[in-house]
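Notes follow the structure.
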Amino acid sequence: MYFLADCNNFYVSCERVFNPRLRGRPVIILSNNDGCAVALSNEAKALGIPRGAPLFKWRSFLDRHNGIYLSSNYTLYGDMSRRVMDLLATFSEECEVYSIDEAFLATESLSEKSALSLAEEIRETILRCTGIPMSIGAGTTKTLAKAANAYAKKNVKNGCCCITDFNRKKILQMVPVSQVWGIGVQHARLLAHHGINTTAEFIDMPESWVRKRMAVTGLRTLLELNGTPCIKMEKYPPNRRSIVSSRSFGTPVSKLALLSESVHEYGCRAATRLRSMNLLCSSLTVYIATNLFKDEPHYSNSATVTLNYPTDSSPIITKEATRLLHTLFKEGYQYKKTGIMLHGLTPKDEQQYSLFSQNDHIERDSRLMSVMDSLNIRYGSKTVVLASEGLTQSWQMKRQFLSPAYTTRWSDLPCVKTE
DNA sequence: TCTGGGGTCCTAGGACCC
DNA sequence: TCTGGGGTCCTAGGACCC
């Protein structure tokens with residue numbers, strides 16, 4: 001039996017744990033740069049605000065409805081997520097953290113009654129220990145557990161649902177096929193075009209039809225919904241394939257020197273993450289783009305370079321990235337975003353040295369980077385940076401409505417009044 | 001004024017091998 | 001007149017996820 005435990009409106013729920021004034025009110029959490037809504041409370045959803053709604057279009061509407069908007073506080077959400085996941089792991093040996101707010105658990109085969117009582121116990125424990133409300137779906141495949149969760153969130157008061165051979169058809173009638181795990185907007189549109197709207201209608205489709213139009217991933221979804229497990233539990237997180245670091249700018253940037261600062265910062269950010277995972281990258285891509293939403297000349301482009309030897313060094317990565325940036329840059333555009341991607345990731349303990357050059361500097365570089373990383377871990381990120389990241393960073397993203405780091409900074413610890 | 005960031009997998013087509 | 005069969009690797013683009 002698979003269980004999918006998913007936190008309700010996770011980012012909003014994290015904020016509400018420490019700020020009770022947010023309860024019962026429409027709350028939205030904004031994307032980076034305070035751009036658009038990435039998480040909404042039920043009250044905000046009920047007002048008809050869609051996910052992805054740009055703040056500037058909805059701000060006065062929210063104000064009129066006593067609503068709240070907050071910048072993303074990933075430090076808080078990451079820490080709350082860890083608490084939730086640690087607790088979930090106590091309920092099953094097989095626990096796969098699937099995203100920041102959800103995890104799969106696997107157990108031996110259970111009756112509907114025992115599955116529901118386990119789900120209820122998990123839900124109650126997480127709520128009591130962390131303050132985060134959850135919904136839990138159970139089924140004999142991961143996709144069915146996901147579907148049960150989607151159903152529970154909308155239709156079951158205690159947020160728990162178990163799909164069995166007996167109730168499957170009935171429950172899947174209530175789940176729109178567009179909500180099924182693995183079916184995105186394109187396939188939902190395709191299915192709607194063929195008159196398929198509910199998941200119950202989808203599971204009767206011929207396998208050959210689905211294979212032909214929705215590829216093997218679509219076929220897997222179909223089989224899973226019909227009770228054939230195709231997607232296993234991932235006991236260990238699979239090896240990372242790529243690392244991306246990119247941001248939109250707070251204000252448009254037209255100067256190469258400023259773009260270069262941002263590429264340096266994102267390069268360092270990506271390289272730091274690379275080192276924390278004990279990996280090296282063997283190629284990197286830089287891209288730049290203007291604002292697609294604006295009625296002005298657009299330009300976007302990207303370039304990739306294969307490195308002479310795999311590396312995790314911030315100076316090497318940022319140097320190569322800047323070289324690429326210079327080939328991409330065109331004068332006369334207002335740029336909105338730059339980004340850097342690292343690919344060809346290999347474990348550091350399998351480092352391939354260069355055949356054609358001295359390798360001493362690799363060791364030296366590596367020592368320099370570990371000193372930099374340990375200083376930044378001990379005294380806070382950005383204690384030591386490359387000067388090329390710039391000192392003013394006028395392009396930095398906006399975070400106007402940020403809540404305190406309630407759980408990770410001494411000075412931000414919430415105060416409890418006792419009088 | 002103002003619209004996010006970070007990932008994976010699959011497929012088709014081209015270039016290449018014998 | 002007529003032009004095979006069986007592969008690999010790489011890349012771009014598209015689909016999906018949170």
Side-chain angles (χ1 to χ4, degrees), chain A residues 4 6-7 9-11 28-39 49-60 62 69 71-74 77-78 81 96-104 142-143 146 149-150 177-191 210-221 224 230-231 234 237-252 262 266 269-270 273-274 277 282-283 285 287 289-296 301-304 306 334 336-345 397-401:
Chain A
L4 188 269
D6 185 311
C7 302
N9 317 323
F10 182 57
Y11 296 173
I28 67 172
I29 308 297
L30 300 167
S31 62
N32 276 332
N33 232 4
D34 293 340
C36 53
V38 293
I49 306 173
R51 211 185 114 93
L55 177 64
F56 74 92
K57 284 190 184 167
W58 289 87
R59 192 168 177 167
S60 61
L62 263 167
Y69 26 89
S71 305
S72 294
N73 186 344
Y74 286 105
Y77 312 150
S81 171
E96 175 193 337
V97 176
Y98 178 67
S99 76
I100 192 165
D101 73 334
E102 61 189 301
F104 286 102
K142 281 177 147 184
T143 307
K146 273 277 208 179
N149 188 287
V177 74
S178 59
Q179 278 183 23
V180 167
W181 188 43
I183 295 183
V185 277
Q186 296 303 327
H187 286 156
R189 201 172 293 158
L190 171 81
L191 290 169
V210 174
R211 172 64 182 90
K212 194 170 163 202
R213 291 178 176 74
M214 300 168 67
V216 293
T217 42
L219 180 59
R220 271 205 283 266
T221 300
E224 283 243 325
C230 304
I231 308 172
E234 306 264 1
N239 288 333
R240 177 79 62 139
R241 312 297 304 270
S242 63
I243 290 176
V244 177
S245 179
S246 72
R247 289 283 183 283
S248 299
F249 303 133
T251 48
S262 72
Y266 305 157
R269 204 192 283 267
R273 230 184 300 155
L274 193 61
M277 294 184 241
S282 46
S283 71
T285 300
Y287 67 88
T290 55
N291 190 344
L292 273 175
F293 291 101
K294 277 202 164 173
D295 195 15
E296 57 184 31
N301 205 350
S302 71
T304 301
T306 301
Q334 297 283 317
K336 178 64 179 168
K337 187 174 181 178
T338 57
I340 176 163
M341 304 177 187
L342 310 179
H343 330 269
L345 308 187
M397 69 173 183
K398 286 188 275 189
R399 275 180 114 183
Q400 245 181 297
F401 316 106

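In what follows, chains carry the letters A, B, and so on, assigned in the order in which the sequence lines appear, proteins first and then strands, with residues in each chain numbered from 1.
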How is [X] classified with respect to the nucleic acid when contacts are heavy atoms under 4.0 Å: base, sugar-phosphate, or nothing?
X	result
A:Arg240	sugar-phosphate
A:Ser245	sugar-phosphate
A:Ile243	sugar-phosphate
A:Ile183	sugar-phosphate
A:Arg211	sugar-phosphate
A:Val97	nothing
A:Asp101	sugar-phosphate
A:Asn32	sugar-phosphate
A:Ser242	sugar-phosphate
A:Arg220	sugar-phosphate

Taking only N and O in the side chain of [X], is any of them less than 4.0 Å away from OP1 or OP2 of [N]?
X	N	result
A:Lys146	C:dC18	yes
A:His187	C:dC16	yes
A:Arg247	B:dG6	yes
A:Asn33	B:dT3	no
A:Lys336	B:dT3	yes
A:Ser248	B:dG5	yes
A:Lys294	B:dC2	yes

Out of [options], which nucleotide sits closest to the side chain of [X]?
X	options	result
A:Ser99	B:dT3, B:dT11, C:dC18	C:dC18
A:Tyr98	B:dT3, C:dC17, C:dA15	C:dC17
A:Cys36	B:dC9, B:dG6, B:dG4	B:dG4

Neighbour count >12 (heavy atoms, 6.0 Å) for atom CZ, A:Arg213 = yes
request  = Would you mind telling me which residue lines up with the more 5' stretch of DNA chain B, A:Arg273 or A:Lys398, judged by nearest nucleotide?
outcome  =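 Between the two, 5'-proximity favours A:Lys398.
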task = Could you check A:Phe249 against A:Val216 and say which one's nearest nucleotide on DNA chain B is further toward the 5' end?
result = A:Phe249
[atom1] of [X] versus [atom2] of [N]: gap in Å, rounded?
X	N	atom1	atom2	answer
A:Ile29	B:dG5	CD1	P	17 Å
A:Lys57	B:dT3	NZ	C1'	7 Å
A:Gln400	B:dC2	CD	C1'	11 Å
A:Tyr77	C:dC18	OH	P	19 Å
A:Trp181	B:dG7	CH2	P	19 Å
A:Arg189	C:dG14	CZ	C1'	13 Å
A:Lys337	B:dG5	NZ	P	4 Å
A:Met277	B:dG7	CE	P	7 Å

inquiry  = What I want to check is whether an N or O donor and acceptor connect the side chain of A:Arg241 with the base of B:dG6 at under 3.5 Å.
reply    =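 Result: no qualifying N/O pair found.
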Derivation and outcome, side-chain hydrogen bond (donor to acceptor under 3.5 Å, both in side chains), residues A:Arg59 and A:Tyr69 = CA-CA 8 Å; A:Arg59 192 168 177 167; A:Tyr69 26 89; 3.1 Å; yes
query = So A:Tyr11 and A:Tyr77, would you call those rings parallel, tilted or perpendicular, with 30° and 60° as cut-offs?
reply =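 Correct class here is parallel.
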key: Euclidean distance, A:Ile28 CD1 relative to A:Arg51 CZ, rounded to 0.5 Å   =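 Those atoms lie 12.0 Å apart.
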message = For A:Ser99 and A:Glu102: C-alpha separation, side-chain torsions, deciding distance, then whether side-chain hydrogen bond (donor to acceptor under 3.5 Å, both in side chains) applies.
response = CA-CA 5 Å; A:Ser99 76; A:Glu102 61 189 301; 3.3 Å; yes
task = Between C:dC18 and B:dT3, how far apart are the P atoms? Round to whole Å, please.
result =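 It comes out at 25 Å once rounded to the nearest Å.
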Test: A:Lys336 cationic atom under 6.0 Å from A:Phe249 six-membered ring centre, within 45° of axis = no
message = For A:Asp6, is there any backbone N or O sitting under 3.5 Å from a side-chain donor or acceptor partner on A:Asp101?
response = no
